[in-house]
**Q** 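Mind looking over this structure? Questions follow.
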Amino acid sequence: MIEHEGVIEKVKGNDITVRILQKSACSGCHARSACMAADSKEKLVDIKDYTGMFHENERVIIEGKESLGYKAVLWAFILPLLLLLLILILSLKIWNFSDTEAAMSSIIALIPYYVVLYFLRNRMANSFRFNIKKTN
């Protein structure tokens, strides 16, 4: 399970907005103050809850299945990389583009991919479900 501790920002009916502090994997490192890769930022996560037992400014834990992380990596990194490589190979081997043309066409091919993801964002958000529970 993926778990994040957060604070409820807003409760409106069955919709709860939780503010979490998302940290990179290296933010717990002892050398993080000297390293430019250390990163953390606040995120707002919307959760549906029908129990009515949560209130604003309450500390909670949100959790999601580990498969949600794999799914996000697939859509955000793996599929675009495969598309980029496919277009690059097709451009060089079949369409006989120059190296520059092949590289540009590969990058340009990512534009429609991300536009489609943008328009499907609400539909995809429904498949990324988190649960909420009280902290102990």
Side-chain angles (χ1 to χ4, degrees):
M1 276 292 184
I2 299 170
E3 291 186 344
H4 288 284
E5 190 172 326
V7 177
I8 296 177
E9 285 284 309
K10 181 172 55 169
V11 177
K12 186 175 181 182
N14 296 328
D15 298 322
I16 298 174
T17 302
V18 179
R19 180 177 32 89
I20 64 170
L21 183 64
Q22 183 182 26
K23 298 178 182 178
S24 67
C26 58
S27 64
C29 176
H30 68 281
R32 71 181 174 271
S33 61
C35 179
M36 298 304 289
D39 184 25
S40 65
K41 53 187 163 184
E42 288 187 350
K43 295 273 186 175
L44 295 176
V45 179
D46 294 322
I47 301 170
K48 292 268 189 204
D49 177 68
Y50 300 99
T51 64
M53 58 189 256
F54 296 101
H55 308 287
E56 289 183 8
N57 298 318
E58 183 178 2
R59 295 190 75 74
V60 294
I61 294 175
I62 61 169
E63 59 184 12
K65 295 179 183 173
E66 197 169 310
S67 62
L68 292 177
Y70 296 133
K71 191 178 189 180
V73 168
L74 174 75
W75 284 103
F77 301 110
I78 295 173
L79 290 178
L81 177 65
L82 292 175
L83 176 64
L84 189 123
L85 291 174
L86 176 71
I87 298 299
L88 184 65
I89 291 168
L90 288 174
S91 298
L92 289 172
K93 300 295 182 189
I94 294 177
W95 300 324
N96 296 320
F97 286 3
S98 70
D99 290 348
T100 305
E101 293 170 335
M104 290 302 294
S105 62
S106 295
I107 293 170
I108 290 170
L110 292 177
I111 294 171
Y113 175 80
Y114 284 113
V115 168
V116 168
L117 276 187
Y118 177 78
F119 285 117
L120 294 176
R121 70 187 182 280
N122 293 331
R123 190 175 194 191
M124 291 181 79
N126 291 333
S127 68
F128 288 92
R129 293 279 177 193
F130 292 96
N131 297 321
I132 186 170
K133 65 181 184 180
K134 292 184 176 281
T135 58
N136 295 331

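Keep in mind the model is a prediction, meaning the values are calculated, not measured.
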**Q** Please report the shortest heavy-atom distance between Glu56 and Lys10, naming the atom on each side.
**A** OE2-CA, 3.8 Å
**Q** To the nearest 0.5 Å, what is the distance between CE on Met104 and CD1 on Ile87?
**A** 14.0 Å
**Q** Please determine whether residues Leu90 and Leu82 belong to a single hydrophobic cluster, defined as Ile, Leu, Val, Met, Phe, Trp and Tyr linked transitively by side-chain heavy-atom distances below 4.5 Å.
**A** no
**Q** Would you give the length of the straight line joining atom CG of Asp49 to atom NZ of Lys133, rounded to the nearest 0.5 angstrom?
**A** 14.0 Å
**Q** Measure the shortest side-chain to side-chain distance between Leu74 and Tyr70 over non-hydrogen atoms and say whether it is less than 4.5 angstrom.
**A** no
**Q** With a 4.5 Å cut-off on side-chain heavy-atom distances among I, L, V, M, F, W and Y, is there a chain of contacts connecting Val45 to Leu68?
**A** yes
**Q** When you group the ILVMFWY residues by side-chain heavy-atom contacts below 4.5 Å and let the links chain together, are Ile108 and Leu85 in the same group?
**A** no
**Q** For atom CE of Met124, decide whether the heavy atoms of other residues, nucleotides or ligands shown that lie under 6.0 angstrom number more than 12.
**A** yes
**Q** What closest approach, in Å, do Glu9 and Leu44 show between heavy atoms, and which atom pair accounts for it?
**A** CG-CD2, 3.9 Å
**Q** Out of curiosity, Leu81 CG to Leu84 CG, how far, rounded to the nearest 0.5 Å?
**A** 6.5 Å
**Q** Just verifying a value: how many Å separate Ser98 OG and Leu92 CG, rounded to the nearest 0.5 Å?
**A** 8.5 Å
**Q** What distance separates Ile62 CD1 from Phe130 CZ, expressed to the nearest 0.5 Å?
**A** 5.5 Å
**Q** Taking all non-hydrogen atoms of both residues, which atom of Ala102 and which atom of Phe97 are closest, and how far apart?
**A** N-CB, 3.9 Å
**Q** Tell me, with the steps shown, if Ile8 and Ile132 meet side-chain contact (heavy atoms from CB on, under 4.5 Å).
**A** CA-CA 10 Å; Ile8 296 177; Ile132 186 170; 4.2 Å; yes
**Q** Does Lys48 reach the side chain of Asp15, with side-chain heavy atoms less than 4.5 Å apart?
**A** yes
**Q** Got a sec: does the OH of Tyr114 have more than 12 other heavy atoms crowding it under 6.0 Å?
**A** yes
**Q** Which distance, rounded to the nearest 0.5 Å, do you find between the CD1 of Ile78 and the NZ of Lys71?
**A** 14.0 Å
**Q** Got more than 12 heavy atoms from elsewhere within 6.0 Å of NZ, Lys43?
**A** no
**Q** Examine Leu79 and Tyr118 and state if one hydrophobic cluster contains both, with Ile, Leu, Val, Met, Phe, Trp and Tyr joined whenever side-chain heavy atoms are less than 4.5 Å apart.
**A** no
**Q** Can you give me the closest heavy-atom contact between His55 and Val11, atom names plus distance?
**A** C-CG2, 4.1 Å
**Q** Please report the closest heavy-atom contact between Glu42 and Leu21, naming both atoms and the distance.
**A** CG-CD1, 4.0 Å
**Q** Is there a path of hydrophobic side-chain contacts, each under 4.5 Å between heavy atoms of I/L/V/M/F/W/Y residues, joining Val73 to Trp75?
**A** yes
**Q** Under 6.0 Å from the CZ atom of Arg123, do we count more than 12 heavy atoms belonging to anything else shown?
**A** no
**Q** With a 3.5 Å distance limit and no angle check, can you tell me whether Lys134 reaches the backbone of Glu58 through a side-chain donor-acceptor pair?
**A** no
**Q** Walk me through it: do Arg129 and Lys65 pass the test side-chain contact (heavy atoms from CB on, under 4.5 Å)?
**A** CA-CA 9 Å; Arg129 293 279 177 193; Lys65 295 179 183 173; over 6 Å; no
